[in-house]
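Heads up, the thing below is written out as structure tokens.
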Amino acid sequence: GLYFTYAVKTGNGVDPIKYRGIVTPERQREALNVVLSTIKPAELAMPKQITDLIPPRATGYDDGTGEYFAKRTEPVLDTIGMAMIATDLVYNGLLHPQRAARMIEFNAQDKKYPHFKEVVDAMIQQIWKNPMPTDNYHSAIIGAQQNLLAQRLMDLTADSNASPQVRAVSNEALHQLNESLKVSLKTKANAQHRLIQQDIERFLTRPDAPRQRTPVLPLPQGEPIGN
């Protein structure tokens with residue numbers, strides 16, 4: 001996390017004087033906990049009294065507005081799909097490659113700041129390691145979130161624009177998740193977990209490209225720096 005504003009050089013120096021500040025470690029961890037709390041199943045589940053008020057869309061009204069939620073449950077409302085749309089907003093923010101790279105850099109400068117690995121670990125803890133809800137609807141939301149988190153970790157690992165340090169964190173998380181799923185599937189069958197484990201295994205052993213290369217940043221144009 002970073003507070004910043006744009007600054008300009010003046011005859012009296014930089015204006016404003018204070019234009020950059022790393023968010024305190026406590027504030028960053030507090031924000032992480034709050035953000036993750038917004039995608040708990042109890043927060044995302046659609047109450048029955050609400051779904052009962054939303055009938056299937058009438059023929060001819062498909063193109064009436066751009067504000068409809070996409071769905072895979074035609075003709076009824078896709079409440080789990082809606083929960084995943086909200087979840088993905090959080091995942092994309094927390095796994096943003098530039099934000100992740102800043103966290104790693106700030107942690108390298110001062111270990112009091114949280115490392116990107118701490119964010120990934122917190123996400124996995126909430127989605128994968130906490131006890132599964134007893135409510136079937138809530139459990140279905142968690143299952144969909146587990147699949148989505150694995151997908152987003154694979155996306156980040158395969159992102160050639162992400163720094164190698166960021167990709168290393170997501171890659172390691174996938175390896176650990178893969179091994180954990182292999183162990184659990186030996187004692188308890190779970191079709192959803194088997195699909196996720198096989199997807200991760202295929203990604204790790206047969207990626208889209210044999211080698212994902214993060215290019216070195218280019219040298220700035222102009223005279224050599226320092227002259």
Side-chain angles (χ1 to χ4, degrees), residues 1-2 23 27-57 61-103 114 116-159 162 166 169-170 173-174 177 181 190-193 195-197 199-200 203:
L2 178 73
V23 180
R27 186 66 171 167
Q28 291 192 48
R29 292 186 172 100
E30 178 187 4
L32 175 61
N33 291 333
V34 170
V35 168
L36 289 177
S37 72
T38 66
I39 57 171
K40 290 181 177 180
E43 300 295 332
L44 297 176
M46 181 78 71
K48 186 177 184 302
Q49 62 265 32
I50 300 299
T51 58
D52 287 345
L53 294 173
I54 307 175
R57 193 180 311 155
Y61 286 83
D62 291 347
D63 300 325
T65 176
E67 298 175 353
Y68 291 135
F69 278 95
K71 55 187 173 182
R72 295 189 175 95
T73 56
E74 193 70 40
V76 299
L77 199 65
D78 187 352
T79 58
I80 294 178
M82 293 168 66
M84 290 312 98
I85 292 171
T87 297
D88 206 26
L89 286 173
V90 171
Y91 285 178
N92 285 332
L94 294 179
L95 298 178
H96 192 284
Q98 293 184 9
R99 177 177 288 112
R102 289 198 303 271
M103 294 189 71
F116 175 55
K117 182 179 183 299
E118 187 173 328
V119 173
V120 174
D121 287 347
M123 297 171 74
I124 291 176
Q125 176 67 46
Q126 176 166 313
I127 304 302
W128 280 99
K129 296 184 178 180
N130 284 347
M132 186 66 77
T134 55
D135 182 278
N136 284 342
Y137 181 18
H138 291 187
S139 179
I141 290 175
I142 285 288
Q145 288 179 327
Q146 290 174 338
N147 190 295
L148 182 59
L149 179 55
Q151 289 182 36
R152 290 296 173 253
L153 288 172
M154 286 187 276
D155 291 343
L156 183 57
T157 302
D159 186 352
V166 169
V169 172
S170 56
L174 286 169
L177 188 55
L181 285 170
N190 185 305
Q192 176 82 9
H193 287 180
L195 173 65
I196 296 171
Q197 186 275 318
D199 283 345
I200 294 174
F203 172 79

*Mind checking salt bridge (Lys or Arg N to Asp or Glu O under 4.0 Å) for E30 and listing every partner two or more places apart, or none if nothing turns up?*
R27

_So S170 and L95, do their side chains get closer than 4.5 Å, heavy atoms only?_
no

*Qualifying salt bridge (Lys or Arg N to Asp or Glu O under 4.0 Å) pairs with a residue from residues 83-99, counting only residues at least two apart or across chains*: D88-R152

*Output all residues satisfying side chain to side chain contact (heavy atoms under 4.5 Å, CB included) with I50, sequence neighbours left out; order by chain, then residue number.*
M46, P47, I54

_Gap separating the OG1 atom of T87 from the CD1 atom of I127, nearest 0.5 angstrom_ = 7.0 Å

*State which residues pass side chain to side chain contact (heavy atoms under 4.5 Å, CB included) with L195; sequence neighbours excluded, sorted by chain then number.*
N147, D199

*Using a 4.5 Å cut-off on heavy atoms from C-beta on, say whether the side chain of V120 contacts that of L153.*
yes

*In this structure, are over 12 heavy atoms from other groups packed under 6.0 Å from N136 atom CG?*
no

*Considering residues at least two apart in sequence or located in another chain, which fulfil the salt bridge (Lys or Arg N to Asp or Glu O under 4.0 Å) criterion with K129?*
none

*Mark yes or no for whether Q126, through its side chain, and L36, through its backbone, hold a donor-acceptor pair below 3.5 Å.*
yes

_Would you say that M132 contacts Q146 through its side chain, given a criterion of any heavy-atom pair below 4.5 Å between the two side chains?_
yes

_Straight-line distance of I142 CD1 to K40 NZ, nearest 0.5 Å_ = 10.0 Å

*Give, for atom OG1 of T157 and atom CE of M154, the distance between the pair rounded to the nearest 0.5 Å.*
9.0 Å

*Taking every non-hydrogen atom, the tightest pair across A101 and V166*: N-CG2, 3.5 Å

*State, to 0.1 Å, how close A150 and L174 come at their nearest heavy-atom pair, and which atoms those are.*
O-CD2, 4.0 Å

*asked:* To check you understand the geometry: which heavy-atom pair defines the closest contact between A42 and H138, and what is its length?
replied: CA-CE1, 3.9 Å

*asked:* If I compare all heavy atoms of S139 with all of P133, which pair ends up nearest, and what's the gap?
replied: CB-O, 3.8 Å

*Answer yes or no: is there a side-chain heavy-atom contact under 4.5 Å between S37 and E43?*
no

*Is there a side-chain contact between Y91 and Q145, using heavy atoms and a 4.5 Å cut-off?*
yes

*How far apart are the C-alpha atoms of I141 and I39, what are their side-chain angles, what is the distance that settles it, and do they pass the side chain to side chain contact (heavy atoms under 4.5 Å, CB included) test?*
CA-CA 10 Å; I141 290 175; I39 57 171; over 6 Å; no

*Would you mind reporting whether K48 and T51 have side-chain heavy atoms less than 4.5 Å apart?*
yes

*Below 4.5 Å, heavy atoms only, C-beta onward: do Q49 and L53 meet side chain to side chain?*
no

*For H193, which residues count as a ring pair (Phe, Tyr, Trp, His ring centres under 6.0 Å) partner, sequence neighbours excluded?*
W128

*Please name the pair of heavy atoms, one in P114 and one in M103, separated by the smallest distance, quoted to 0.1 Å.*
O-CE, 3.4 Å

*asked:* Rounded to the nearest 0.5 Å, what separates atom CG in N190 from atom CD1 in I196?
replied: 8.0 Å

*Of the non-hydrogen atoms in Y137 and L44, which two are nearest, and what is the gap between them?*
OH-O, 4.5 Å

*Within a reach of under 6.0 Å around CD of Q192, are more than 12 heavy atoms found that belong to other residues, nucleotides or ligands?*
yes

